[in-house]
2 protein chains.
Amino acid sequence: MRYNYDNMENKIYTYKYQHPAVATDCVVFGYDGKNLHVLLIERGIDPFKGSWALPGGFLKMDETVEECAQRELQEETNVKNIYLEQFHVFSAVDRDPRERILSVSFLALVRKSEFKLIAGDDAAKAEWFEINNLPSLAFDHKEIIELAKNKLQQILSYKPIAFQLLDKTFIMSELQRLYELINETEYDRRNFHKKMLATSLFDDEGLCKTPMQCRAPQMYSFNEERYKEQVKNKTIKKYPFDF
Amino acid sequence: MRYNYDNMENKIYTYKYQHPAVATDCVVFGYDGKNLHVLLIERGIDPFKGSWALPGGFLKMDETVEECAQRELQEETNVKNIYLEQFHVFSAVDRDPRERILSVSFLALVRKSEFKLIAGDDAAKAEWFEINNLPSLAFDHKEIIELAKNKLQQILSYKPIAFQLLDKTFIMSELQRLYELINETEYDRRNFHKKMLATSLFDDEGLCKTPMQCRAPQMYSFNEERYKEQVKNKTIKKYPFDF
DNA sequence: GCAAAAGTGTTGACAGTACACCCATGC
DNA sequence: GCATGGGTGTACTGTCAACACTTTTGC
């Protein structure tokens with residue numbers, strides 16, 4: 001459901017006190033092994049008609065904010081069971097010119113390879129933008145993305161979320177690239193490799209079959225079960241993925 | 001403003017779509033150098049009349065959620081300029097029996113020594129409870145406090161929030177006790193001392209004057225300016241207070 | 001003198017950093 | 001054969017955990 005103020009049935013809801021409207025917005029990060037992207041939609045209606053904005057929509061009365069974000073994401077991207085996490089409520093009084101609207105903001109991670117852009121309904125088109133090359137954005141969405149980036153950095157250090165952005169099997173340099181993009185630094189290839197494997201949370205998946213102009217790299221997969229076991233036994237560090 | 005459904009003026013507000021009500025709730029942590037407490041109020045009205053609950057109230061249309069939490073806290077506790085941070089939105093459809101109410105939840109830290117309990121207005125009384133000895137709670141407030149504790153542990157490792165809970169000058173054992181209470185572990189006295197001072201963020205404040213049955217301990221204060229400088233210069237670790 | 005709580009220093013183990021060298025592949 | 005990207009190893013360094021002895025004070 002995009003921002004949409006049509007009202008077919010002309011119902012009216014009344015309250016003794018003023019209530020704000022509540023919407024969820026999603027900062028959807030996508031990775032293709034090379035670059036980190038954010039999903040944006042072009043607004044088909046005013047305000048900010050023609051501007052780019054975060055996918056999002058209004059909360060229904062029979063769903064939680066998580067369900068709302070999930071639903072919106074599914075409608076926009078056709079992906080389900082995706083990592084999704086609320087990170088902030090934006091509530092500036094004048095953040096929307098129409099009426100008082102709170103945004104409960106989520107960040108979401110998707111594998112770009114598993115994702116097909118839907119031809120926009122509501123005359124809105126959806127497109128990926130490189131994280132460091134975003135267009136100007138509607139509402140306070142620039143600020144929302146900024147905070148999402150910070151939050152993502154933080155979560156990256158203590159939850160195994162990077163693997164949500166990679167295919168089941170991946171090579172170390174893809175994982176490293178992702179860490180470098182998110183944390184905006186560079187790491188020593190050999191030390192990164194060593195420290196990752198030291199967690200003993202990776203399974204060997206044989207050599208990469210794709211022909212490339214170098215020695216065939218080792219493929220790995222992340223062992224979710226072993227991770228959960230370590231968490232359960234508390235044999236894991238507080239920030240196991242802090243690089 | 002407590003939960004209060006009186007409406008003197010009998011105004012009515014209408015919307016084309018259903019809007020949820022939005023409230024803020026505060027998990028207020030207080031420390032006295034010995035024990036960690038949470039502030040609760042006794043509800044004077046139904047639902048859950050007579051039960052203990054978190055201080056909180058409804059969002060006004062001319063304030064952000066942060067301002068709302070700040071205002072509520074000031075009305076309840078008479079303290080201002082307190083550390084306050086939103087940490088989660090609770091939005092289960094049936095979390096309040098009256099109507100659909102979202103709770104934007106905050107955690108707050110106060111020095112108990114600077115705090116005076118107000119005789120409750122709205123026939124509600126406010127009281128401190130030891131964190132590990134809470135009464136049964138209204139709504140989903142038990143769950144809210146649980147998450148607040150987790151979030152507090154997390155924030156403790158990367159922000160200098162412990163000092164919000166201590167007097168300006170303090171002794172190391174008070175700081176250590178606080179870390180132990182929040183993180184639910186124990187630390188070696190000497191290593192804790194050493195590691196804290198290694199941050200070079202503490203100023204010497206002379207010996208403790210209070211007579212006690214031991215050698216007079218050293219008093220310290222936290223140097224906020226030096227901390228901010230280190231953050232600015234990025235000469236600080238990602239988790240400088242991780243113990 | 002003794003209990004309580006505080007101050008200080010040493011040591012070994014392990015983790016993190018900075019490097020260098022070799023290997024397979026495509027052109 | 002050379003550029004590209006990948007694999008492995010070593011040595012140094014610094015941080016962290018474990019631990020013992022001394023100091024002051026009140027009773």
Taking NZ, NE, NH1 and NH2 as the nitrogens, is one of them in B/E67 or B/R71 under 4.0 Å from a carboxylate oxygen of the other?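 No salt bridge links B/E67 with B/R71.
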Presence of salt bridge, A/K151 and A/E85, under 4.0 angstrom: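 No, no charged N to carboxylate O under 4.0 Å.
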Quick one: does any side-chain atom of [X] pair with a main-chain N or O of [Y] as donor and acceptor, under 3.5 Å?
{"X": "B/H141", "Y": "B/A53", "value": "no"}
{"X": "B/Y239", "Y": "B/F241", "value": "no"}
{"X": "B/D167", "Y": "B/F170", "value": "no"}
{"X": "B/Y31", "Y": "B/E174", "value": "yes"}
{"X": "A/D140", "Y": "A/E143", "value": "no"}

B/F202 ring center within less than 6.0 Å of B/F163 ring center: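 Yes, they do, as the ring centres are separated by less than 6.0 Å.
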Pick base, sugar-phosphate or nothing for B/K194, based on heavy-atom distances below 4.0 Å to the nucleic acid.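 It contacts base atoms.
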For B/L207, what residues pass the side-chain contact (heavy atoms from CB on, under 4.5 Å) criterion, not counting sequence neighbours?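 side-chain contact (heavy atoms from CB on, under 4.5 Å) check on B/L207 returns B/A216, B/Q218.
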Please check if atom NZ in A/K34 has more than 12 non-hydrogen atoms from other residues, nucleotides or ligands closer than 6.0 Å.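 Result for NZ/A/K34: open.
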Name every donor-acceptor pair, under 3.5 Å, that has one atom in a side chain of residues 179-187 of chain A and the other anywhere in the protein, sequence neighbours excluded.
from	atom 1	to	atom 2	distance (Å)
A/E180	OE2	A/Q176	NE2	3.0
A/E180	OE2	A/Y187	N	2.9
A/N183	ND2	A/Y187	OH	3.1
A/T185	OG1	A/N183	O	3.4
A/T185	OG1	A/Y187	OH	3.4

A/K228 and side-chain contact (heavy atoms from CB on, under 4.5 Å): which single residue from A/R226, A/K232, A/E224 fits?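 Only one of A/R226, A/K232, A/E224 forms a side-chain contact (heavy atoms from CB on, under 4.5 Å) with A/K228, namely A/E224.
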So where does chain B start and stop touching DNA chain C, 5' to 3', when the test is distance under 4.0 Å to a non-hydrogen atom?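 Answer, 5' to 3': C/dA4 to C/dT10.
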Go through DNA chain D in 5' to 3' direction and return only the first and the last nucleotide with some atom under 4.0 Å of chain B's heavy atoms.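 Contact span on the strand: D/dC16 to D/dG26.
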Quick check on contacts: within residues 165-174 of chain A, what sits under 4.0 Å from DNA chain D by heavy-atom distance?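 Of all residues in residues 165-174 of chain A, the ones placing a heavy atom under 4.0 Å from DNA chain D are A/I171, A/S173.
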Anything under 30° is parallel, anything over 60° is perpendicular, the rest tilted; go ahead and classify A/H37 against A/W128.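 Ring orientation of A/H37 relative to A/W128: perpendicular.
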So which one's nearest nucleotide on DNA chain D is more toward 5', A/R215 or B/R215?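 Comparing both residues, the 5'-ward one is A/R215.
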Looking at DNA chain C, which of residues 206-213 of chain A put a heavy atom within less than 4.0 Å of it?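 The answer is A/P211, A/M212, A/Q213.
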